[in-house]
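First up is the structure itself, then whatever we jot down about it.
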Amino acid sequence: MQSLGLDVLFKGSNFLRLLGGLWVAVRISLVSVAISIALGIPAGILMTSNRKVVKGIFRVYLEIVRIMPQMVLLFIVYFGTTRVFGWNLSAEVSAIIVFVFWGCAEMGDLVRGALISIPRIQYESAQALGMDAMTSFRYVILPQTVRRLIPLSINLITRMIKTTSLVMMIGIVEVLKVGQQIIEANRKTSPNAAFGIFAVVLLMYFLICWPVSRLAVYLEKRWA
Amino acid sequence: MEKEVILQYLPMYREALLLTLKIGWQGVFLAFIFGLLCALVRHMKIPVLRGVVTGYIELFRNTPLLVQLFFLYFALPKIGIRLSPEFCGSLGLGLLGGAYMAETFRSGLESVAPIQEESALSLGMTPLQAFRHVILPQAFTASVAGIVANVIFLLKETSVFSVISLMDLMFTAKDLIGMYAKTMECLTLLVVFYLIMLLPVSLLGSVLERRLRHAEFGT
Amino acid sequence: MKKTQIIATFVAAAIGTTLIGAGSVFADGTFRTLDEIKESGTINIGVFSDKSPFGYVDENGDYQGYDVYLAERLGEDLGVEINYVSTEAASRIEYLQTGKVDIILANFTVTPERAEEVDFALPYMNVALGVVSPDDAVVESLDDLGEEDQVIVISGTTAETYLVKNYPDIHLQKYDAYAEAKTALENGNAAAWANDNTEVIAFAIENEGFTVGIPSLGSADTIAPAVTKGNESLLDWLNEEIVALGEEQFFHADYEATLLDTYGADYEDTLVVEGGAVAAAETETE
């Protein structure tokens with residue numbers, strides 16, 4: 001059997017290009033997670049509200065996120081918004097919008113869950129100590145919530161990194177697309193490059209996501 | 001939007017829906033089997049196999065389905081293993097889902113108190129019997145929410161099937177847009193068909209969750 | 001069952017549908033005029049990144065190929081930087097209609113259906129359809145295909161539209177990208193691959209074990225740059241440019257720089273269209 005395409009990896013700047021593609025994926029997900037957390041916390045606090053309208057709006061929002069594939073949302077935001085509003089969003093901005101739309105829902109739901117899970121007595125004790133609502137929220141509730149949230153949001157990062165593989169479909173040149181380009185440019189000299197390249201791309205995703213998800217598990221156990 | 005266009009495209013979307021459902025549910029079925037096997041191996045603490053199972057779960061949970069499909073469909077033939085697109089689709093979903101289901105089952109199993117198993121064993125059940133009749137039903141109840149979430153997740157993941165040439169809902173929409181450029185009609189139909197496919201699952205899931213929670217509280 | 005949830009889901013459905021539906025009210029066509037492009041200093045050009053030798057990326061990450069050679073020259077003559085946007089066949093029209101790119105230079109075949117959606121400039125290459133298949137089972141006529149045989153096409157190409165229209169019984173195996181289609185053919189997933197004949201000929205020359213059993217299928221068409229519908233300033237400039245380039249035999253030079261290695265000299269006169277002037281006999285479209 002001929003080489004399985006590993007030699008192609010080290011031709012020219014191919015390997016660096018793959019890493020560059022991976023960085024595009026990681027960058028999109030980091031930016032999205034950061035914004036999702038920033039927006040998810042107020043969203044989560046709002047979700048604990050008892051007002052029917054607020055509740056209804058969030059239910060609709062969560063249900064859309066739950067049912068619509070990210071791929072569909074990407075297409076709607078990337079192509080649909082230009083048609084409806086005339087906005088010309090770059091592929092990367094569209095991807096970040098979709099990821100934040102999704103991440104904010106998840107974070108919000110997690111924040112809501114974390115807030116609810118904090119026993120009533122904590123609020124009451126804080127009050128008994130003479131703290132006002134703001135102070136008790138700031139010094140008692142928030143630190144505990146954040147502790148519960150960090151492992152979960154780290155988990156969200158890995159899921160986002162994995163989902164970035166979809167952005168190839170709206171023309172962002174990330175690691176998978178770079179892989180395809182390399183296979184294409186070397187089809188003649190190493191027809192089996194598909195094996196080596198896809199195996200390496202799979203491995204790259206794993207090497208990025210695995211340590212991060214281990215970290216999440218570790219933090220979850222430690223802070224539980 | 002043009003009504004005729006929508007009517008003209010409807011049959012294609014219906015066909016795509018059927019294919020998506022077929023492969024999606026085959027994948028879900030496989031995911032159940034793989035997940036259950038993995039949970040069993042881990043629960044019984046079978047040496048060697050346990051390591052294999054952990055490796056499998058970590059690998060598939062930490063890589064995207066899209067890349068897994070690329071590997072299964074485009075890379076494996078280079079070493080002589082050729083699979084049909086449909087088989088690749090169900091297998092890919094099954095492998096991915098299996099890893100998620102295994103984790104869900106595990107947390108379900110962990111929620112069953114150890115005394116349950118000890119009691120079953122002391123009643124003279126074999127470990128397998130205890131697993132089948134005592135632990136599994138309780139663990140299953142505890143993991144229903146997770147299972148429903150996984151099923152929806154898996155059915156949604158079918159949207160990347162275009163790379164292995166399966167005409168699922170997403171690809172049908174993209175393909176029609178590419179051929180006739182009726183973007184709005186195609187995207188609208190796409191959203192509607194995903195709702196048709198997943199709303200019932202989502203609603204059924206919440207009913208099931210509530211029922212089982214009641215059952216749990218009742219006992 | 002929670003009533004709020006049911007209501008919520010239906011509202012979700014309604015919002016989604018109206019939002020998308022509202023789109024059709026607005027006219028298509030956001031684009032940048034020639035002056036706006038010049039002022040911004042950058043032009044966005046949509047090309048293939050996986051279609052060697054027309055548009056692909058070499059091992060140093062640079063775009064190359066017949067289409068890209070032209071793109072480079074356009075950028076130079078406009079005096080602007082080029083931002084290449086990697087596109088798939090099926091999204092070419094969409095990219096123009098949503099103004100994501102100013103020009104598509106992605107082996108875009110001129111057809112009457114597409115001309116309703118975008119504006120084509122003068123052509124720079126001839127094309128027809130062709131079918132390539134493995135040596136051990138060469139497909140010489142589409143009527144020879146058995147019931148089980150599948151034919152690979154790329155979503156959004158003229159080959160797809162042609163086969164859907166004229167051979168509705170053939171089972172098509174569709175892919176998004178060139179790289180995927182080619183790897184699938186190599187892997188033996190289908191009986192044949194139908195695409196632009198330029199592309200299948202190149203594939204058969206570059207890959208051992210494949211023969212072009214049907215070198216020409218359907219009508220003789222041309223490939224041309226395309227701009228967003230109504231973008232007259234850019235279209236006029238492109239047309240003048242292509243005519244002017246013809247005087248210096250630019251497209252022959254382009255052929256020799258990018259396609260000669262693949263096709264040899266034999267195809268030069270059949271493929272190249274110089275100065276936008278197609279031989280009169282072949283212009284039968286519309």
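We name chains A, B, ... by the order of the sequence lines, and we start the count at 1 in each one.
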Between T183(C), T157(C), I152(C), which shows the greatest number of heavy-atom pairs under 4.5 Å with chain B? T183(C)
Interface check, chain C: of S84(B), A181(B), P85(B), S165(B), most non-hydrogen pairs under 4.5 Å belong to S165(B)
With a 4.5 angstrom heavy-atom cut-off, which part of L76(B) approaches chain C: side chain, backbone, both or neither? neither
Does atom CD (E110(B)) have a neighbourhood of more than 12 heavy atoms from anything else shown, all under 6.0 Å? yes
Would you mind reporting whether N189(C) and Y73(B) have side-chain heavy atoms less than 4.5 Å apart? yes
Measure the spacing between CD of Q173(C) and CE of M167(B) and express it to the nearest 0.5 Å. 11.5 Å
Starting at NZ of K174(C), measure out to CD1 of I164(B) and round the result to the nearest 0.5 Å. 15.5 Å
Mind checking the OG1-CD spacing from T183(B) to Q97(C)? Nearest 0.5 Å is all I need. 6.0 Å
Work out which heavy atom in F74(B) is nearest to a heavy atom in N187(C); give both atom names and the distance. O-ND2, 3.1 Å
Which portion of Y180(B) sits near chain C, non-hydrogen atoms under 4.5 angstrom: both
Within this structure, what is the OH-CG distance for the pair Y175(C) and L166(B), rounded to the nearest 0.5 Å? 8.5 Å
For chain B, find which of G156(C), A90(C), S155(C) contributes the most heavy-atom pairs closer than 4.5 angstrom. S155(C)
Is F87(B) atom CZ crowded by more than 12 heavy atoms from other residues, nucleotides or ligands, each under 6.0 Å away? no
Taking every non-hydrogen pair under 4.5 Å, which of E186(C), E88(C), E113(C), E94(C) racks up the most with chain B? E94(C)
Between E180(C) and chain B, which part of the residue has a heavy atom less than 4.5 Å away: side chain, backbone, both or neither? both
